[in-house]
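I am attaching a structure below and will ask some questions about it afterwards.
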Amino acid sequence: PAALAMGNLERTEGRLPEAIKAYEQAKAAEPDNATLLNNLGVAYTEAGRFDEARASLELALQKREAAATHLNLGNALIGLKRLPDAVPHLVSATRLDPSASVAWLRLGTVLRATGELAGAEAALQRAVALSHAPDAGYELAIVHQSQKRLALAAHDFQQVLEAQPDHANAAYQLGATLQALGDANGTLAALRQYLAVAAGNSAEDARQGQARTHTSHHDGRPFADVSC
(Lines give C-alpha, C1' and ligand atoms only; values in the text may rest on other atoms or scores of the structure.)
Protein backbone atom coordinates (compact mmCIF):
# COMPACT_ATOMS: atom_id res chain seq x y z
CA PRO A 1 0.00 0.00 0.00
CA ALA A 2 1.02 3.57 -0.64
CA ALA A 3 0.96 4.50 3.06
CA LEU A 4 3.40 1.69 3.88
CA ALA A 5 5.76 2.81 1.13
CA MET A 6 5.49 6.39 2.37
CA GLY A 7 6.26 5.27 5.91
CA ASN A 8 9.34 3.41 4.71
CA LEU A 9 10.52 6.49 2.81
CA GLU A 10 9.95 8.84 5.75
CA ARG A 11 11.80 6.50 8.12
CA THR A 12 14.71 6.16 5.70
CA GLU A 13 14.92 9.96 5.59
CA GLY A 14 14.93 10.12 9.39
CA ARG A 15 11.49 11.69 9.75
CA LEU A 16 10.13 9.38 12.44
CA PRO A 17 6.92 11.27 13.38
CA GLU A 18 5.89 11.33 9.73
CA ALA A 19 6.86 7.68 9.29
CA ILE A 20 4.82 6.61 12.30
CA LYS A 21 1.81 8.59 11.08
CA ALA A 22 2.01 6.92 7.66
CA TYR A 23 2.40 3.45 9.17
CA GLU A 24 -0.55 4.02 11.50
CA GLN A 25 -2.68 5.11 8.54
CA ALA A 26 -1.63 1.97 6.67
CA LYS A 27 -2.42 -0.16 9.73
CA ALA A 28 -5.99 1.15 9.78
CA ALA A 29 -6.43 -0.25 6.29
CA GLU A 30 -4.39 -3.45 6.74
CA PRO A 31 -4.31 -4.41 10.43
CA ASP A 32 -2.99 -7.92 9.69
CA ASN A 33 -0.03 -6.91 7.51
CA ALA A 34 2.98 -8.43 9.29
CA THR A 35 5.52 -6.33 7.40
CA LEU A 36 3.66 -3.16 8.27
CA LEU A 37 3.38 -4.12 11.95
CA ASN A 38 7.09 -4.92 12.04
CA ASN A 39 8.07 -1.63 10.43
CA LEU A 40 5.79 0.31 12.73
CA GLY A 41 7.36 -1.43 15.71
CA VAL A 42 10.85 -0.51 14.51
CA ALA A 43 9.80 3.13 14.09
CA TYR A 44 8.30 3.16 17.58
CA THR A 45 11.55 1.74 18.96
CA GLU A 46 13.63 4.36 17.18
CA ALA A 47 11.33 7.02 18.62
CA GLY A 48 11.77 5.64 22.15
CA ARG A 49 8.15 4.48 22.33
CA PHE A 50 9.17 1.04 23.49
CA ASP A 51 5.89 -0.28 24.88
CA GLU A 52 4.04 0.58 21.68
CA ALA A 53 6.88 -1.06 19.77
CA ARG A 54 6.55 -4.22 21.85
CA ALA A 55 2.79 -4.43 21.20
CA SER A 56 3.17 -3.92 17.45
CA LEU A 57 5.99 -6.44 17.12
CA GLU A 58 4.21 -9.07 19.20
CA LEU A 59 1.23 -8.69 16.88
CA ALA A 60 3.52 -8.97 13.85
CA LEU A 61 4.85 -12.27 15.20
CA GLN A 62 1.33 -13.56 15.63
CA LYS A 63 0.77 -12.92 11.93
CA ARG A 64 4.12 -14.26 10.69
CA GLU A 65 7.24 -15.49 12.45
CA ALA A 66 10.42 -13.93 11.12
CA ALA A 67 13.98 -13.60 12.38
CA ALA A 68 14.00 -9.83 11.88
CA THR A 69 10.80 -9.39 13.88
CA HIS A 70 12.18 -11.43 16.79
CA LEU A 71 15.32 -9.27 16.71
CA ASN A 72 13.27 -6.08 16.61
CA LEU A 73 11.11 -7.25 19.50
CA GLY A 74 14.26 -8.07 21.44
CA ASN A 75 15.44 -4.51 20.83
CA ALA A 76 12.16 -3.09 22.08
CA LEU A 77 12.36 -5.21 25.24
CA ILE A 78 15.92 -4.04 25.77
CA GLY A 79 14.60 -0.50 25.55
CA LEU A 80 12.09 -1.40 28.26
CA LYS A 81 15.00 -2.82 30.34
CA ARG A 82 13.37 -6.24 30.23
CA LEU A 83 16.59 -8.03 29.37
CA PRO A 84 15.59 -11.57 30.43
CA ASP A 85 12.43 -11.27 28.29
CA ALA A 86 14.53 -10.18 25.31
CA VAL A 87 16.72 -13.29 25.39
CA PRO A 88 14.19 -15.83 23.95
CA HIS A 89 13.44 -13.54 21.02
CA LEU A 90 17.12 -13.00 20.28
CA VAL A 91 17.66 -16.76 20.47
CA SER A 92 14.78 -17.23 18.03
CA ALA A 93 16.31 -14.65 15.69
CA THR A 94 19.60 -16.58 15.61
CA ARG A 95 17.76 -19.89 15.16
CA LEU A 96 15.73 -18.63 12.21
CA ASP A 97 18.68 -16.84 10.63
CA PRO A 98 21.99 -18.27 11.88
CA SER A 99 23.90 -15.84 9.63
CA ALA A 100 22.44 -12.76 11.35
CA SER A 101 25.56 -11.36 13.01
CA VAL A 102 23.62 -8.46 14.53
CA ALA A 103 21.31 -10.89 16.33
CA TRP A 104 24.30 -12.83 17.72
CA LEU A 105 25.89 -9.58 18.85
CA ARG A 106 22.73 -8.39 20.55
CA LEU A 107 22.21 -11.77 22.21
CA GLY A 108 25.78 -11.82 23.49
CA THR A 109 25.53 -8.28 24.81
CA VAL A 110 22.30 -9.03 26.69
CA LEU A 111 23.65 -12.28 28.13
CA ARG A 112 26.75 -10.44 29.34
CA ALA A 113 24.56 -7.80 30.99
CA THR A 114 22.56 -10.51 32.78
CA GLY A 115 25.71 -12.29 33.99
CA GLU A 116 25.48 -15.33 31.69
CA LEU A 117 29.09 -15.07 30.61
CA ALA A 118 29.50 -18.52 29.02
CA GLY A 119 26.46 -17.99 26.80
CA ALA A 120 27.59 -14.47 26.03
CA GLU A 121 31.02 -15.71 24.97
CA ALA A 122 29.54 -18.32 22.62
CA ALA A 123 27.15 -15.83 21.02
CA LEU A 124 29.80 -13.16 20.59
CA GLN A 125 32.27 -15.62 19.09
CA ARG A 126 29.62 -16.36 16.44
CA ALA A 127 29.12 -12.63 15.87
CA VAL A 128 32.86 -12.09 15.42
CA ALA A 129 33.19 -15.08 13.08
CA LEU A 130 30.32 -13.83 10.92
CA SER A 131 31.13 -10.14 10.73
CA HIS A 132 34.57 -9.38 12.20
CA ALA A 133 32.86 -6.20 13.45
CA PRO A 134 34.86 -4.22 16.04
CA ASP A 135 31.78 -3.84 18.26
CA ALA A 136 31.42 -7.62 18.49
CA GLY A 137 35.12 -8.04 19.21
CA TYR A 138 34.94 -5.39 21.92
CA GLU A 139 32.00 -7.07 23.64
CA LEU A 140 33.83 -10.40 23.51
CA ALA A 141 36.89 -8.77 25.07
CA ILE A 142 34.75 -7.40 27.88
CA VAL A 143 33.37 -10.89 28.52
CA HIS A 144 36.90 -12.31 28.73
CA GLN A 145 37.89 -9.44 31.00
CA SER A 146 34.93 -10.22 33.28
CA GLN A 147 36.00 -13.87 33.34
CA LYS A 148 39.50 -12.74 34.46
CA ARG A 149 40.96 -14.23 31.28
CA LEU A 150 43.07 -11.13 30.91
CA ALA A 151 45.61 -12.29 28.34
CA LEU A 152 42.78 -13.31 26.03
CA ALA A 153 40.97 -10.03 26.69
CA ALA A 154 44.11 -8.06 25.84
CA HIS A 155 44.43 -9.96 22.57
CA ASP A 156 40.77 -9.22 21.77
CA PHE A 157 41.20 -5.50 22.46
CA GLN A 158 44.29 -5.43 20.25
CA GLN A 159 42.32 -7.07 17.44
CA VAL A 160 39.61 -4.43 17.79
CA LEU A 161 42.19 -1.65 17.59
CA GLU A 162 43.80 -3.18 14.51
CA ALA A 163 40.41 -3.03 12.80
CA GLN A 164 39.39 0.33 14.27
CA PRO A 165 42.34 2.34 15.64
CA ASP A 166 40.07 5.14 16.89
CA HIS A 167 38.03 2.82 19.18
CA ALA A 168 38.53 4.79 22.41
CA ASN A 169 36.91 2.24 24.71
CA ALA A 170 39.09 -0.56 23.38
CA ALA A 171 42.26 1.49 23.84
CA TYR A 172 41.33 2.44 27.40
CA GLN A 173 40.33 -1.08 28.39
CA LEU A 174 43.47 -2.49 26.77
CA GLY A 175 45.49 -0.18 29.00
CA ALA A 176 43.61 -1.34 32.09
CA THR A 177 44.00 -4.99 31.13
CA LEU A 178 47.70 -4.72 30.37
CA GLN A 179 48.27 -2.96 33.67
CA ALA A 180 46.56 -5.83 35.49
CA LEU A 181 48.88 -8.18 33.60
CA GLY A 182 51.93 -6.17 34.74
CA ASP A 183 52.85 -4.91 31.27
CA ALA A 184 53.93 -1.34 32.07
CA ASN A 185 55.14 -0.44 28.59
CA GLY A 186 52.07 -1.88 26.93
CA THR A 187 49.87 0.04 29.37
CA LEU A 188 51.54 3.33 28.50
CA ALA A 189 51.27 2.70 24.77
CA ALA A 190 47.58 1.84 25.04
CA LEU A 191 46.82 4.90 27.16
CA ARG A 192 48.66 7.17 24.77
CA GLN A 193 46.58 5.76 21.93
CA TYR A 194 43.45 6.29 24.00
CA LEU A 195 44.35 9.92 24.73
CA ALA A 196 45.03 10.55 21.05
CA VAL A 197 41.65 9.23 19.90
CA ALA A 198 39.61 10.62 22.82
CA ALA A 199 40.96 14.17 22.51
CA GLY A 200 38.20 16.75 22.35
CA ASN A 201 35.47 14.39 23.55
CA SER A 202 34.03 15.97 26.70
CA ALA A 203 32.25 12.72 27.58
CA GLU A 204 35.68 11.20 28.12
CA ASP A 205 36.95 13.92 30.49
CA ALA A 206 37.08 11.73 33.61
CA ARG A 207 38.90 8.85 31.93
CA GLN A 208 41.22 11.22 30.10
CA GLY A 209 42.19 12.75 33.43
CA GLN A 210 43.00 9.33 34.87
CA ALA A 211 44.96 8.35 31.78
CA ARG A 212 46.93 11.62 31.72
CA THR A 213 47.84 11.25 35.38
CA HIS A 214 49.06 7.72 34.84
CA THR A 215 51.09 8.49 31.74
CA SER A 216 52.59 11.60 33.34
CA HIS A 217 53.64 10.01 36.62
CA HIS A 218 53.79 6.34 35.69
CA ASP A 219 53.88 5.39 39.35
CA GLY A 220 52.29 1.99 38.98
CA ARG A 221 49.04 2.89 40.69
CA PRO A 222 45.99 1.37 38.99
CA PHE A 223 43.94 3.84 36.98
CA ALA A 224 41.00 1.55 36.21
CA ASP A 225 39.16 -1.51 37.47
CA VAL A 226 39.10 -4.31 34.93
CA SER A 227 36.22 -6.12 36.64
CA CYS A 228 33.63 -4.80 34.15
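Here, residue 1 is the first one in the sequence, and each next residue gets the next number.
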**Prompt:** Is N38 reaching over with its side chain to a backbone N or O of A34, donor-acceptor style, under 3.5 angstrom?
**Reply:** no

**Request:** Consider only side-chain N and O atoms of N201 and E204, and report whether a donor and an acceptor are under 3.5 Å apart.
**Result:** no

**Request:** Indicate the atoms forming the closest heavy-atom contact of A113 with L83, along with that distance.
**Result:** CB-CD1, 3.8 Å

**Item:** F50 ring center within less than 6.0 Å of Y44 ring center
**Value:** no

**Prompt:** Do R64 and T35 have side-chain atoms, one donor and one acceptor, less than 3.5 Å apart?
**Reply:** yes

**Message:** Checking side-chain polar atoms at under 3.5 Å, does H70 have a donor or acceptor matched by the opposite partner on E65?
**Reply:** yes

**Request:** Check the side chains of Q173 and Y194 for a donor-acceptor pair under 3.5 angstrom, ignoring hydrogens and angles.
**Result:** no

**Asked** So does E24 pair up with K27, basic N to acidic O under 4.0 Å?
**Response** no

**Request:** Quick one: closest heavy-atom pair of D85 and P88, and the distance?
**Result:** O-CD, 3.3 Å

**Prompt:** Taking it one step at a time, do R49 and E52 satisfy salt bridge (charged side-chain N to carboxylate O under 4.0 Å, His left out)?
**Reply:** CA-CA 6 Å; R49 296 164 62 175; E52 291 166 287; 2.7 Å; yes

**Message:** Taking atom NZ as the centre, does K21 end up with more than 12 heavy-atom neighbours from other residues, nucleotides or ligands that are less than 6.0 angstrom away?
**Reply:** no

**Prompt:** Hey, is E18 close enough to R11 for a salt bridge, meaning N to O under 4.0 Å?
**Reply:** no

**Item:** Donor on one side chain, acceptor on other, N75 and T45, under 3.5 Å
**Value:** no

**Asked** In Å, rounded to the nearest 0.5 Å, how long is the span from CD of E10 to CE of M6?
**Response** 6.0 Å

**Prompt:** Taking atom types as modelled, is there a side-chain donor on N8 or Y23 under 3.5 Å from an acceptor on the other?
**Reply:** yes

**Request:** Keeping the roles fixed (side chain from Q208, backbone from A198), state whether a donor-acceptor pair exists under 3.5 Å.
**Result:** yes

**Prompt:** Does S131 reach the main-chain N or O of A127 with its side chain, forming a donor-acceptor pair under 3.5 Å?
**Reply:** yes

**Prompt:** Is the side chain of W104 donor-acceptor paired with the backbone N or O of P98 at a distance under 3.5 Å, no angle test?
**Reply:** yes

**Prompt:** Do NZ/NE/NH1/NH2 and the carboxylate oxygens of R149 and E121 come within less than 4.0 Å?
**Reply:** yes

